[in-house]
Amino acid sequence: SQRSNLAPISVGEAPKSAYIHIPFCKQKCHYCDFPIRVIGNDPSRPKAAALMEEYMEALAVEIKQGGGGGFDGIPHPYPNSELETVYIGGGTPSLMQPEQIKRVLDCLRDRFGIAETAEISMEMDPGTFDTDKA
């Protein structure tokens, strides 16, 4: 099988990068195969805002638990390592408020560390941000 050709994963290696999926979009694009949640044109609507905030809270818990890696309760499982890249994709991450993105980065920094020279990238839809958000 193809699986047998893959190298085993060492659970002892520190992660060097993180991908954060923000699954919210104004609409579902015909070419998109990603798991998303359509919230419409106004992310500040109470129902949309509550859904996005609930997701962000769950994401923070997941990061604090080590991304499913079984490190719950260990403050920084790799104290001599930091993330070198962080990619925030989706969906349309630029629908989120800057404070929400900051909270995700803070959680990653607290849990895994982020190198001072790390590359941090985020998908942006031109219709969902302005210079105040950038």
Side-chain angles (χ1 to χ4, degrees):
S1 82
Q2 276 189 321
R3 184 81 180 128
S4 63
N5 294 333
L6 299 176
I9 297 172
S10 171
V11 293
E13 293 180 24
K16 295 293 181 190
S17 59
Y19 170 77
I20 303 296
H21 184 75
I22 306 295
F24 304 106
C25 290
K26 288 182 175 184
Q27 64 186 25
K28 177 81 171 175
C29 297
H30 65 77
Y31 54 82
C32 179
D33 287 333
F34 294 101
I36 62 128
R37 180 74 184 255
V38 175
I39 60 168
N41 288 326
D42 184 5
S44 65
R45 280 186 8 258
K47 186 174 181 180
L51 182 65
M52 290 166 47
E53 184 57 30
E54 181 181 333
Y55 180 82
M56 297 308 279
E57 288 174 14
L59 182 59
V61 168
E62 179 72 15
I63 292 169
K64 288 174 184 174
Q65 291 178 346
F71 299 117
D72 194 18
I74 301 172
H76 191 313
Y78 304 102
N80 298 319
S81 180
E82 298 175 314
L83 297 174
E84 296 171 3
T85 59
V86 176
Y87 185 78
I88 303 172
T92 310
S94 51
L95 287 171
M96 307 306 288
Q97 294 301 311
E99 304 81 41
Q100 292 171 312
I101 298 298
K102 181 185 180 309
R103 191 168 20 155
V104 169
L105 292 173
D106 288 346
C107 286
L108 287 170
R109 188 173 292 107
D110 291 347
R111 189 63 177 162
F112 300 103
I114 298 177
E116 190 174 306
T117 59
E119 176 185 334
I120 300 174
S121 305
M122 185 168 98
E123 288 181 24
M124 305 284 269
D125 176 358
T128 61
F129 73 97
D130 55 27
T131 55
D132 290 338
K133 253 189 171 179

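Being a predicted model, the structure only gives us computed values, none of them experimental. Start at 1 with the first residue, then count along the sequence. All values below were derived from every heavy atom in this structure, side-chain atoms included, with hydrogens, water molecules and symmetry-related copies excluded.
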Please round to the nearest 0.5 Å and tell me the distance separating atom [atom1] of [X] and atom [atom2] of [Y].
X: Lys102; Y: Arg109; atom1: NZ; atom2: CZ; result: 7.5 Å
X: Leu83; Y: Leu108; atom1: CG; atom2: CG; result: 6.0 Å
X: Cys107; Y: Phe112; atom1: SG; atom2: CZ; result: 10.5 Å
X: Tyr87; Y: Glu123; atom1: OH; atom2: CD; result: 3.5 Å
X: Ser81; Y: Lys16; atom1: OG; atom2: NZ; result: 3.5 Å
X: Asp106; Y: Glu99; atom1: CG; atom2: CD; result: 11.5 Å

Please name the pair of heavy atoms, one in Met122 and one in Ser94, separated by the smallest distance, quoted to 0.1 Å.
CE-CA, 3.9 Å

Closest approach of Gly90 and Tyr19, non-hydrogen atoms and distance?
N-OH, 3.5 Å

Donor-acceptor check, side chain of His21 to backbone of Phe34, threshold 3.5 angstrom: yes or no?
no

Side chain to side chain contact (heavy atoms under 4.5 Å, CB included) with Lys26: which of Leu95, Asp42, Val38?
Leu95

From Met96, Gln97, Arg37, residue fulfilling side chain to side chain contact (heavy atoms under 4.5 Å, CB included) relative to Met52:
Met96

Could you tell me if the side chain of [Y] sits less than 4.5 Å from the side chain of [X], heavy atoms only?
X: Val104; Y: Val86; value: no
X: Ile22; Y: Leu59; value: yes
X: Phe24; Y: Pro43; value: no

Glu53 CD: over 12 foreign heavy atoms closer than 6.0 Å:
yes

Kindly check if the number of other-residue, nucleotide or ligand heavy atoms within 6.0 Å of CZ (Arg103) is above 12?
yes

Kindly work out whether a path of hydrophobic side-chain contacts (I/L/V/M/F/W/Y, heavy atoms less than 4.5 Å apart) joins Ile36 to Ile20.
no

